[in-house]
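First the structure, in the form of structure tokens, and then the observations on it.
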Amino acid sequence: MVVLARLVLPILAFPALVMAQPETQCGDSDPAALQWLDKMSRSTQEISYQGVVTYQRGDDLQVMQLSRGVQGDVASDQITRLTGQGAQVVRDNHPLGLLHPGHMLLQLGDSSGGDCGLATHYRLSMGEGERVAGRQTVRLVMAPRDLYRYGYQLELDSTTALLLKASTVDRGDRVLERFQYADLAYSGRWHEEPGVDVVHRAGQAGQATPGPKMQMAWGLRWLPPGFVATEEQSAGAARRTYTDGMAVFSVFLETLAARMPSGEGVVREGSTTSYTRGIQLDGQPLLVTVIGEVPVNTARMLADSVTQAR
Amino acid sequence: MSEKLRESLSALMDDEADELELERVLSQISQNDELRSSWQGYHHARDAAAGQASTFTGIDISARVREAIAQDGATAQGKAPWWRPVASFAVAASVMATVGLGGQQLSQLNSGYQDRSSYAGNVSPVGLHNAVGATPMRASYGTRSVPALQPATNEAYRELARQRLKQYGQSHAEQAALNTPQGLIHFARVERITE
């Protein structure tokens, strides 16, 4: 909770950002679904497993090998691309006790999302899942209650609640992207490592992520309901990232040498939106970029709300 | 507002409207002078609130977009219309501005966010209820100045969006991996993972 408090404080510095939770109406959500979300969030952290995962968006299909090993109170994760670029992402010795804001939003007993938790922003329902990677699953459907986020159809291992398949769906019920396990074993790391060209050491909790800097103090006047900052916002950072526990978006700001004519650019890949817009703050021409797994309109509104902090 | 128009609106918001939908929404706006003047008044007030001189209260964007449609139909049949991203954006902004004034309940609209105080006078924030109807949706207001029909500029912005996705994708995935149940699978979205 201390971590969360530290994350929330910088937001309070912008009074307009202190959002009232909308009137919570979550009676239409299955209470069991909240329990499953909580269980999923914990099992993702606490269980050791390894498997082969497919990730699909449009015609693009990627295959990856993934493993998570938990020893004592630290975990090590690794993901290796088996198709396309020979790249590997490794995160070693990640402390289990350090919960990130996104995980807290999924777990029960946390007051930040109100009593309804994620059911405040998604209507949750349960169903019978299909077989994924040879295991029986339960289906958890998350339908967004507003237009700021996408919906999800999740298949959780009926025994361990591990997330085995996830589809992101838009308002027209079209699947934007999907990942699922093709093979899964509950144990530690792979013994045989595939060859890779690039190894990326992924960021750790509480570690200041190096990134581009921004001279001007800035903030957002508006956030979609239920989104919180993923990390403490350091002064001078050019990136701000927010999550509601399922969706994540990042807002980047950079100075431009000269003012660009007004306009906007949008590129979408799967559920990812990349949105750019030229603005001016205090006479300084800036480029706003929003990258996230959110609809285009959400990105536009975020770009609209970029403001200079006093 | 009819269900059909609502669907078109939704498509416009996602930049997925086809020309028929665009025309349908445009015709709705053009047939209702009151809605159009509300929209213009709204933008005027918003600019005033932001301390800027209003630059485009006199400009009827819907008319300009209709003109563009007509021109495009005459010159570039079958090709992807060069004006579309701008047009749909301008239309989305103008259409959305009318929605909140068209009978949605302001009390409901106001419950989801608190920055309404920054808007002037008796001008209401705009909003849209989705089919679920539980949470209000505030619409985009569009750019801060005239969304001009400049194909080169918008192609440049699209190219920027493409480049920035490559440039920032990994840093975004890093945060997503730490905060959602998919974990490191988020890196699958990164075009080229770098050290």
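A note on names: the letters A, B, ... follow the listed sequences, proteins ahead of strands, and every chain is numbered from 1.
- When heavy atoms are compared at a cutoff of 4.5 Å, B:Ala177 approaches chain A by way of both its backbone and its side chain.
- In terms of modelled atom types and a separation under 3.5 Å, the side chain of B:Arg158 and the main chain of A:Glu264 share no donor-acceptor contact.
- Contact annotation: the side chain of A:Arg239 approaches that of B:Ser171 to within less than 4.5 Å [non-hydrogen atoms, C-beta and beyond].
- A:His200 is listed as a side-chain neighbour of B:Gln170, based on a closest heavy-atom distance under 4.5 Å.
- A:Glu293 and B:His186 form no side-chain donor-acceptor contact under 3.5 Å, judged by distance and modelled atom types alone.
- A salt bridge is defined here as a Lys NZ or Arg NE, NH1 or NH2 lying under 4.0 Å from an Asp or Glu carboxylate O, and A:Arg201 with B:Glu195 fails to meet this definition.
- The side-chain hydrogen bond (donor to acceptor under 3.5 Å, both in side chains) search around A:Gln180 returns none, not counting sequence neighbours.
- Residues satisfying the side-chain contact (heavy atoms from CB on, under 4.5 Å) test with A:Ser29, not counting sequence neighbours, are A:Ala119, A:Arg123, A:Leu124, A:Arg145.
- Looking only at heavy-atom pairs under 4.5 Å with chain B, the residue among A:Thr289, A:Thr44, A:Leu154 that has the most is A:Thr289.
- Residues A:Ile291 and B:Leu165 form a side-chain contact, since some pair of their non-hydrogen atoms from C-beta on lies under 4.5 Å apart.
- Ring pair A:Phe252/B:His172: centre-to-centre distance not below 6.0 Å.
- For the pair A:Arg81 and B:Ala188, the tightest heavy-atom approach, listed with the atom from each and the gap, is NH2-O, 3.3 Å.
- Side-chain contact check for A:His100 and B:Gln175: no donor-acceptor pair (N or O, by modelled atom type) lies under 3.5 Å.
- The main-chain N or O of A:Ser262 is never found under 3.5 Å from a side-chain atom of B:Tyr157 such that the two would form a donor-acceptor pair.
- Contact annotation: the side chain of B:Thr194 never approaches that of A:Val198 to less than 4.5 Å [non-hydrogen atoms, C-beta and beyond].
- Heavy-atom minimum distance, B:Pro181 versus A:Gly245: CD-O, 3.6 Å.
- Within the 4.5 Å cutoff, no side-chain heavy atoms of A:Gln85 are placed close to those of B:Glu191.
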